[in-house]
Amino acid sequence: MRFYLALCSVEPDHRAPVADHVVAAARTLAHRVLPVPAETLRHSSWEAPRHNIVLMAWTNEPEHPWLPRPLTPVRVDGEDGVFGYTGYLADPADAERLRAEPGDPGPLADRTAGAFGIFRALPRGVDAVTSLTRNDPVYHCERAALHVIGNRAALVHLVARAAEEGPDSPMPPAPDYDVAPMQALVRHGFYISDHTPFRGISTLTELSTLRVRDGVARVVSRPLPRPEPAPRRPLARRARLAALTEALVDSVAPVRRHDEAISLSLTGGRDSRLVAALLHAARIPFRATTRGFADHPDVVLARRICARLGVTDHRVTEPEVEDDAVLAEHPLPRTARLVRMTEGMNSAFENVIAPTSFLLEARLSGSGGEALRGGWLNDQPCLERSALLKKVETITRAQAALMTPQANAEADRYFRRYTAETDDLAVVLDRMFLRFRSGRWLPGSRTATLIGFCMYHPFLDHRVRWEAMTLSPRWRWSEEVVYRLIARLAPPLAALPVEGRPWRFDARRSRRWTGRARPALTATTARGGFDWRRRLGGEYLAPMRERILDTPQLFELVDKERTERLLNEDPVRRPGQVWHLYTLAVLLSNEWLSPTAPLGPGSERIRVPVR
């Protein structure tokens with residue numbers, strides 16, 4: 001993973017250089033808050049001739065011909081500067097075109113295959129670019145006569161705080177949290193706005209370039225792709241998918257460099273199955289990994305997929321068990337690591353890895369594939385306006401009874417803003433999914449994988465997502481798009497059932513022909529389908545309850561009496577809210593600032609009975 005931080009004076013002349021103590025603070029804080037062991041970091045930096053601009057970079061990646069240098073010299077319009085990018089390019093040769101682009105590099109990045117963001121510094125200013133998915137984020141603020149820009153919100157915030165407090169300030173400065181917008185995390189476990197947990201730090205929206213010139217920061221936004229109606233005839237539909245198919249096949253091209261250790265996280269669902277079909281069509285051999293009990297649909301179906309494709313190396317990891325219980329890690333170390341990795345922008349309900357070193361291994365997953373199935377339309381039984389309006393309301397106003405009047409008032413503002421964007425609520429939900437589910441929820445887990453491996457995400461590829469969003473969201477919602485892609489790329493997989501529920505378009509068709517939908521695969525035992533995170537009992541809940549109730553800032557967001565009632569349930573009916581509140585409690589405690597995750601009492605596993 002490559003981390004970037006740019007410091008730009010708001011008065012870019014020789015009288016306003018970036019102060020030495022701010023640069024020193026940035027170097028110190030990077031080793032404190034970047035979520036990798038400090039001894040694995042390599043650092044490089046560039047400074048403008050007038051010392052008014054500094055671009056710093058850190059990486060835990062080894063030096064290797066496949067891996068780019070964090071900062072590469074570049075000459076643009078007669079000026080010498082540096083260029084760097086996060087993520088990966090499908091064709092590394094594209095880096096030369098991107099860094100030499102004389103104007104805004106954003107439009108060129110949109111047409112370039114790969115999943116990446118851009119940082120470029122020249123004597124006249126800085127450019128920071130987000131893609132359509134903005135899975136490689138840019139965070140920014142203006143403080144203490146400086147523009148502070150980077151791809152880690154905590155580093156941007158704490159360096160800005162150090163600049164404000166001066167050369168004698170303690171390290172690390174105390175974070176200044178922005179509690180009110182956290183109401184969205186209580187409801188969903190991620191943000192549905194451009195706020196961060198840190199006051200004054202915003203994330204740059206999708207398809208944007210933050211350009212700093214002559215001390216002034218300006219955001220240049222690019223238009224979103226326009227969806228087109230689905231073709232009516234089957235042959236026309238197949239032809240309409242040609243560009244998306246080509247982009248998908250190209251998206252796995254960089255995996256070819258790895259002649260071994262190519263691993264796909266494979267489940268019984270639609271998205272990872274499509275990635276398996278892509279690798280099969282590209283004739284790239286791979287091994288598969290799956291988590292779950294032997295009779296879980298993910299394991300059963302992954303085994304069948306491997307058999308159909310001739311994949312002989314399928315590794316299954318089962319949860320730890322003891323008699324009739326799953327052994328789960330104590331919530332404090334689990335949550336402290338997650339907060340450190342995701343900077344408090346994801347809930348500890350999520351399973352996010354925390355690698356301690358980088359392995360030159362190719363890994364793939366189906367992350368982001370929901371966008372090809374309609375995004376937030378995906379769980380809708382119908383697309384009538386009233387149903388879609390209710391979905392937007394659920395996204396913005398969920399769990400209103402638990403929240404304070406102030407938190408509900410903020411949610412009301414979001415609801416009014418998003419429903420006013422366009423009359424077509426299917427497009428509204430598609431774009432909300434892009435901005436907040438892809439753009440705010442996914443970056444945390446993506447960062448974790450990039451820290452540990454050469455991680456490739458075909459559904460986050462710029463060209464793939466662009467082509468997908470030119471297709472009608474209603475057509476994608478039918479799931480016909482993904483089914484046709486799988487059937488075209490790997491015909492043996494088309495007839496296999498899927499986990500959870502049947503293909504939506506196929507269920508309708510089979511009901512017309514046979515009077516019933518084709519069955520979906522489900523677990524055959526209670527243990528096989530058990531998810532301990534959703535069935536929190538008394539022993540696991542006890543340390544979470546105590547921490548939540550001892551965090552007074554949370555009661556600016558939730559009603560204390562109702563929260564106490566929720567925490568006294570066994571099993572708790574809304575475990576999501578418990579996880580979300582506990583995550584915020586750990587964030588607000590500042591324990592995540594320690595490079596070593598705190599341990600729970602005894603740090604032993606906690607038994608969660610299967611029920």
Side-chain angles (χ1 to χ4, degrees), residues 1-5 30 33-38 40-44 57-64 66-71 84-90 92 95 109 112-119 128-139 150-156 203 251-255 257-258 261-265 272 275 289 337-343 345-346 350-369 438-462 464-465:
M1 175 77 185
R2 295 175 294 283
F3 306 97
Y4 294 93
L5 183 77
V33 300
L34 294 180
V36 296
T40 67
L41 285 172
R42 292 186 292 119
H43 172 63
S44 54
W58 296 263
T59 184
N60 72 325
E61 298 170 353
E63 295 187 37
H64 192 277
W66 292 352
L67 300 173
R69 293 164 58 190
L71 294 177
Y85 64 91
T86 56
Y88 65 91
L89 299 169
T112 303
F116 60 93
I118 291 172
F119 287 83
V129 178
T130 59
S131 68
L132 180 59
T133 66
R134 70 163 168 180
N135 249 242
D136 294 85
V138 173
Y139 302 102
N151 63 337
R152 292 294 289 180
L155 184 60
V156 169
T203 181
S251 73
V252 297
V255 181
R257 291 179 298 186
H258 302 261
I262 298 171
S263 177
L264 169 63
S265 177
S272 63
V275 179
T289 62
R337 284 198 312 271
L338 178 132
V339 169
R340 186 170 173 81
M341 184 63 66
T342 70
E343 304 182 287
M345 288 181 268
N346 289 83
E350 307 298 338
N351 291 318
V352 174
I353 64 173
T356 57
S357 61
F358 185 90
L359 299 177
L360 198 69
E361 295 182 358
R363 300 204 177 183
L364 300 96
S365 80
S367 290
S438 288
R440 302 305 316 271
W441 177 71
L442 266 179
S445 59
R446 172 170 159 78
T447 294
T449 57
L450 290 175
I451 282 172
F453 314 98
C454 294
M455 191 74 197
Y456 301 99
H457 290 108
F459 302 129
L460 304 180
D461 181 275
H462 297 184
V464 169
R465 185 57 70 88

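Values below: all heavy atoms of this structure, side chains included; hydrogens, waters and symmetry mates excluded.
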Run the side chain to side chain contact (heavy atoms under 4.5 Å, CB included) test on Thr112 and Leu89 for me, step by step, so that the C-alpha distance in whole Å, both residues' side-chain angles and the decisive distance to 0.1 Å come before the verdict.
CA-CA 8 Å; Thr112 303; Leu89 299 169; 4.2 Å; yes
Apply the test side chain to side chain contact (heavy atoms under 4.5 Å, CB included) to residues Thr59 and Leu41: give CA-CA distance (whole Å), side-chain angles for both, the deciding distance (0.1 Å), then the verdict.
CA-CA 5 Å; Thr59 184; Leu41 285 172; 5.9 Å; no
Residues Arg134, Thr203; criterion side chain to side chain contact (heavy atoms under 4.5 Å, CB included); working and verdict:
CA-CA 9 Å; Arg134 70 163 168 180; Thr203 181; 3.6 Å; yes
Under the side chain to side chain contact (heavy atoms under 4.5 Å, CB included) rule, what do Leu264 and Thr289 come out as? Steps first, then yes or no, please.
CA-CA 6 Å; Leu264 169 63; Thr289 62; over 6 Å; no
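Distance alone, capped at 3.5 Å, places no donor-acceptor pair between the Arg337 side chain and the Ala354 backbone. Within the 3.5 Å criterion, the main-chain N or O of Phe116 finds a donor-acceptor partner in the side chain of His462. Asn60 places a side-chain N or O within donor-acceptor distance of the main-chain N or O of Ile451, the cut-off being under 3.5 Å. Between the side chain of Thr133 and the backbone N or O of Ser438, no donor-acceptor pair lies under 3.5 Å. Under a 3.5 Å cut-off, the side chain of His64 and the backbone N or O of Trp66 do form a donor-acceptor pair. Side chain of Glu61 to main chain of Met1: a donor-acceptor pair is present (N/O by atom type, distance under 3.5 Å, no hydrogens or angles). At distances below 3.5 Å, at least one donor-acceptor pair connects side-chain atoms of Asn346 with backbone N or O atoms of Trp441. Arg2 places a side-chain N or O within 3.5 Å of a backbone atom of Tyr85 that can act as its donor or acceptor partner.
By the 4.5 Å heavy-atom criterion applied to side chains, Leu364 and Ser263 are not counted as neighbours. Counting only heavy atoms from C-beta outward, the side chains of Pro355 and Met341 approach each other to under 4.5 Å. The closest side-chain heavy-atom distance from Leu67 to Leu360 is below 4.5 Å. You'll find the side chain of Ser367 reaches within 4.5 Å of the side chain of Leu442, heavy atoms only. At a threshold of 4.5 Å between non-hydrogen side-chain atoms, the residues Pro443 and Met345 do not count as touching. Counting heavy atoms from C-beta outward, Phe358 and Val36 have side chains that stay 4.5 Å or more apart. Here the side chains of His457 and Ser365 are in contact, with some heavy-atom distance below 4.5 Å.
In this structure, Ala128 and Val138 approach most closely via the heavy-atom pair CB-CG1, 3.8 Å. Residues Gly368 and Leu460 come closest through the heavy atom pair CA-CD2, 4.2 Å. In terms of heavy-atom proximity, Asn151 sits nearest to Pro137 at CB-O, 3.3 Å. In this structure, Ala113 and Asp461 approach most closely via the heavy-atom pair C-OD2, 3.5 Å. In terms of heavy-atom proximity, Tyr4 sits nearest to Pro70 at OH-O, 2.7 Å. Closest non-hydrogen pair, Val352 versus Ala448, comes out as CG1-CB, 3.6 Å.
Rounded to the nearest 0.5 Å, atoms CD (Glu343) and CG (Leu155) are 8.5 Å apart. Separating the CE atom in Met455 from the CG atom in Leu450 is a distance of 8.0 Å, to the nearest 0.5 Å. A distance of 4.0 Å separates SG of Cys454 from NE2 of His258, quoted to the nearest 0.5 Å. To the nearest 0.5 Å, atom NE2 of residue His43 and atom CH2 of residue Trp58 are 5.5 Å apart.
Taking the centre and axis of the six-membered ring of Phe3, the NZ or CZ atom of Arg152 falls outside the cone set by 45° and 6.0 Å.
Checked against a 6.0 Å centroid threshold, the rings of Tyr88 and Tyr456 count as neighbours.
Inspection of the Thr86 and Asp136 side chains reveals an N or O donor paired with an N or O acceptor under 3.5 Å.
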